[in-house]
Amino acid sequence: VFSAPLPGPPAPYERTQDGGNFGGALVKDKLFFFLDAEHTNQNLFAPVVTTAPFTSFIGGSNSPFRETDYDARLDWQFKGVRMFYRFSYFDSLAVATGGAVGYQPYEDKNYTRTHVIGADFTSPGGFTHSFRFEYLKFINNLGDSVRGSGLPFANYPVSINLFSFGLLTGPNFLAPQQTYQTDRQIKYDGSKILGPHILRYGFGYNRLRGGGLFSFSEITANVIPIGSSGEVATAAGLPGGAGNPLNYPLDTVTLGNGEFCDTEIPAFGAPCSGTPPDNRIGAYLGDSWKFRPNLTISYGLRYVRDTGRADSDLPEIQELNTLLPGLKLGDRVNQPNTNLGPQLGVAWDPSKNGRMVIRAGIGMFYENAIWNNAEFDRPERLPNGAFLANPDACFDDSSQPVPFPSGGVFVGGNPTFGDNICGSLIGATLGPKAGNCNGLTTAVCIANFQTAYQTASRAQGAAAPNPDYIPTLISSGSPIFLGPLAPGYKTPYSIQMNAGIQRELRPGMVLSVDYLRNVNLH
């Protein structure tokens, strides 16, 4: 699977797509149906090109991709009302390779199901009405595809990171992982003609939930050897010399605590790892005014409010304000409540004959912060819980203290991990100074230590003190890495501008020139 001649392996690729659709009337002029199905089948060999001294590992791995799409729609017309129901299903399965760097592929599965019901009708007085109801659920699963394969060091006790040489081995730190999202929406749009004005208005409400279970580096600890920046290590007594990554001494060891939670919020049947519910409210009012027969002015205002995207439900961190007085970094994160987006546009026919039109518009549009910002920010603000802790047992060739949740067991000089582990060769057999690791290889010693660490973490669970809680880090003198959400958080927004000219040069021939600019202000 992974052997090939220099300078690199071939990368065969094939892709096939098939599908079809079928539709028609079930009841003439009243009831209609439509069905559609598509499937993609792709096979790819993802090459891995390593550099000296690891050129013997040049090769690659298979990276198949499968995708299926189904759509079904039913339309019904009666007494001036048009209704429809649509169901969409999407799934994909890929063996992702992380950009074809190293031998750490993982299985990536995605599922999305969407139900939509809609109704459109008019009422006396020239009012139009449009209602939409939607339910969407998205599921993503990441699983390991290294263990049991024929890839280099697939079943070795640790994952080895020699990124600068193009060589990464063992299970990917991202797997296992599950992500869930749901969206429940109700939306209304209406309009009314009043002389030269067309009023448009509407509102919408979304109940958005997110969550998932993540356990980074759960399967194996990740190790970075000395030499990963380009030096070549010399090792005696082990085969392969500098071309064998097991002959390199440890520089960094990153553990996974085996916990699957990154927040304390229950969601999707799990007792933890949910995001705060996001209640999205949107409303707008606009007018299209035919100011002159050849000049139309459109203007409007939109309001949007999202909750649950800024961890604004959590209290302030007074200890942080005491440490850094005047900066107010420990204040409660702001919840934006006044997001108003004005819009303005014009359409002008200077010749008044319909052969040319000049259009221009400008508007403010709000986006939203991704859920990951709140998820990765939240654990630092919670005093209890073992949230995806990934401590370094070795860093820069030195032992680092790793507190056990059950109390007081640390790396370096204790019988669980022992002395002289950091800096020892990954594949070498350890001696008596290694404590319980005497007679084991360095890699097996690390794997045993991670197992003990995970056992202690799971025994304590949500009751364990959070080692990454900001006041805890402050009191211990540890480095503080603040999350992405500052107290003055504002919803991201941009100003969008466009202008264009259309000119009929002769019947059937039209010249168009357009300009668009987007400025992100936050």
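Bear in mind that the values here come from a model prediction, so they are computed numbers and not experimental data. For the single chain, residues carry numbers from 1 onward in sequence order.
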Open item on the list: side chain to side chain donor-acceptor pair (under 3.5 Å), that's the test. Do Asn339 and Thr491 meet it? Break it down for me.
Closed with: CA-CA 8 Å; Asn339 293 336; Thr491 305; 3.0 Å; yes
Open item on the list: Walk me through whether Thr254 and Phe216 qualify under side chain to side chain contact (heavy atoms under 4.5 Å, CB included).
Closed with: CA-CA 10 Å; Thr254 301; Phe216 300 134; over 6 Å; no
Under a 3.5 Å distance rule, please check whether [X] uses its side chain to pair with a backbone N or O of [Y] as donor and acceptor.
X      : Y      : value
Asp468 : Glu380 : no
Ser215 : Glu218 : no
Asp278 : Thr307 : yes
Gln185 : Arg207 : no
Gln454 : Asn257 : no
Thr40  : Gln17  : no
Asn141 : Gln178 : no
Tyr103 : Phe57  : yes
Thr179 : Gly212 : no
Ser63  : Val95  : yes

Answer yes or no: is there a side-chain heavy-atom contact under 4.5 Å between [X] and [Y]?
X      : Y      : answer
Leu382 : Leu314 : yes
Asp306 : Tyr366 : no
Arg280 : Leu208 : yes
Pro391 : Tyr453 : yes
Phe153 : Pro245 : yes
Tyr111 : Tyr89  : yes
Gln42  : Tyr13  : yes
Thr252 : Cys394 : no

Take atom [atom1] of [X] as the centre, draw a 6.0 Å sphere, and report whether it contains more than 12 heavy atoms from other residues, nucleotides or ligands.
X      : atom1 : result
Phe173 : CZ    : no
Arg517 : CZ    : no
Phe65  : CZ    : yes
Glu367 : CD    : no

Open item on the list: My understanding is that only one of Thr275, Asp262, Thr263, Asp313 makes a side-chain hydrogen bond (donor to acceptor under 3.5 Å, both in side chains) with Arg378; could you say which?
Closed with: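 The single option meeting the side-chain hydrogen bond (donor to acceptor under 3.5 Å, both in side chains) with Arg378 is Asp313.
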Open item on the list: As a test of understanding, state which of Arg15, Glu67, Arg66, Glu14 forms a side-chain hydrogen bond (donor to acceptor under 3.5 Å, both in side chains) with Asn41.
Closed with: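 For Asn41, the side-chain hydrogen bond (donor to acceptor under 3.5 Å, both in side chains) test succeeds with only one of Arg15, Glu67, Arg66, Glu14, which is Arg66.
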Task: Phe449/Leu255 under side chain to side chain contact (heavy atoms under 4.5 Å, CB included): CA gap, chis, key distance, verdict - done: CA-CA 9 Å; Phe449 180 73; Leu255 306 173; 3.3 Å; yes
Task: Full working for side chain to side chain contact (heavy atoms under 4.5 Å, CB included) between Leu151 and Ser61 - done: CA-CA 8 Å; Leu151 299 175; Ser61 60; 3.9 Å; yes
Work out which heavy atom in [X] is nearest to a heavy atom in [Y]; give both atom names and the distance.
X      : Y      : result
Gly210 : Ala267 : O-CB, 4.4 Å
Ser88  : Asp71  : OG-OD1, 2.7 Å
Thr169 : Pro152 : CB-O, 3.7 Å
Pro276 : Ile265 : N-CD1, 3.6 Å
Gly241 : Asn247 : O-ND2, 2.5 Å
Cys445 : Leu430 : CB-CD1, 3.9 Å

Enter the distance from [X]:[atom1] to [Y]:[atom2] here, rounded to the nearest 0.5 Å.
X      : Y      : atom1 : atom2 : value
Ser145 : Asp108 : OG    : CG    : 10.5 Å
Phe268 : Thr182 : CZ    : OG1   : 4.0 Å
Tyr489 : Ser312 : OH    : OG    : 9.5 Å
Asn62  : Leu44  : CG    : CG    : 8.5 Å
Asp91  : Thr68  : CG    : OG1   : 4.5 Å
His115 : Arg86  : NE2   : CZ    : 11.5 Å

Open item on the list: Determine whether the aromatic ring centres of residues Phe54 and Tyr248 are separated by less than 6.0 angstrom.
Closed with: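 Yes: the rings meet the under 6.0 Å criterion.
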Can you confirm whether the side chains of [X] and [Y] place a donor and an acceptor under 3.5 Å from each other?
X      : Y      : result
Asn110 : Asn140 : yes
Asn206 : Asp183 : yes
Thr55  : Thr50  : no

Open item on the list: For a side chain to side chain donor-acceptor pair (under 3.5 Å) check, start with the C-alpha distance between Asp144 and Tyr106, then their side-chain angles and the critical distance, and finish with the verdict.
Closed with: CA-CA 5 Å; Asp144 173 59; Tyr106 55 89; over 6 Å; no
- [ ] Go through Tyr156 and Ile426 one step at a time and tell me if the side chain to side chain contact (heavy atoms under 4.5 Å, CB included) criterion holds.
- [x] CA-CA 11 Å; Tyr156 201 65; Ile426 296 173; 4.1 Å; yes
Task: Partner of Ile317 by side chain to side chain contact (heavy atoms under 4.5 Å, CB included), out of Leu482, Ile470, Leu323 - done: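 Between Ile317 and the candidates, side chain to side chain contact (heavy atoms under 4.5 Å, CB included) is satisfied uniquely by Ile470.
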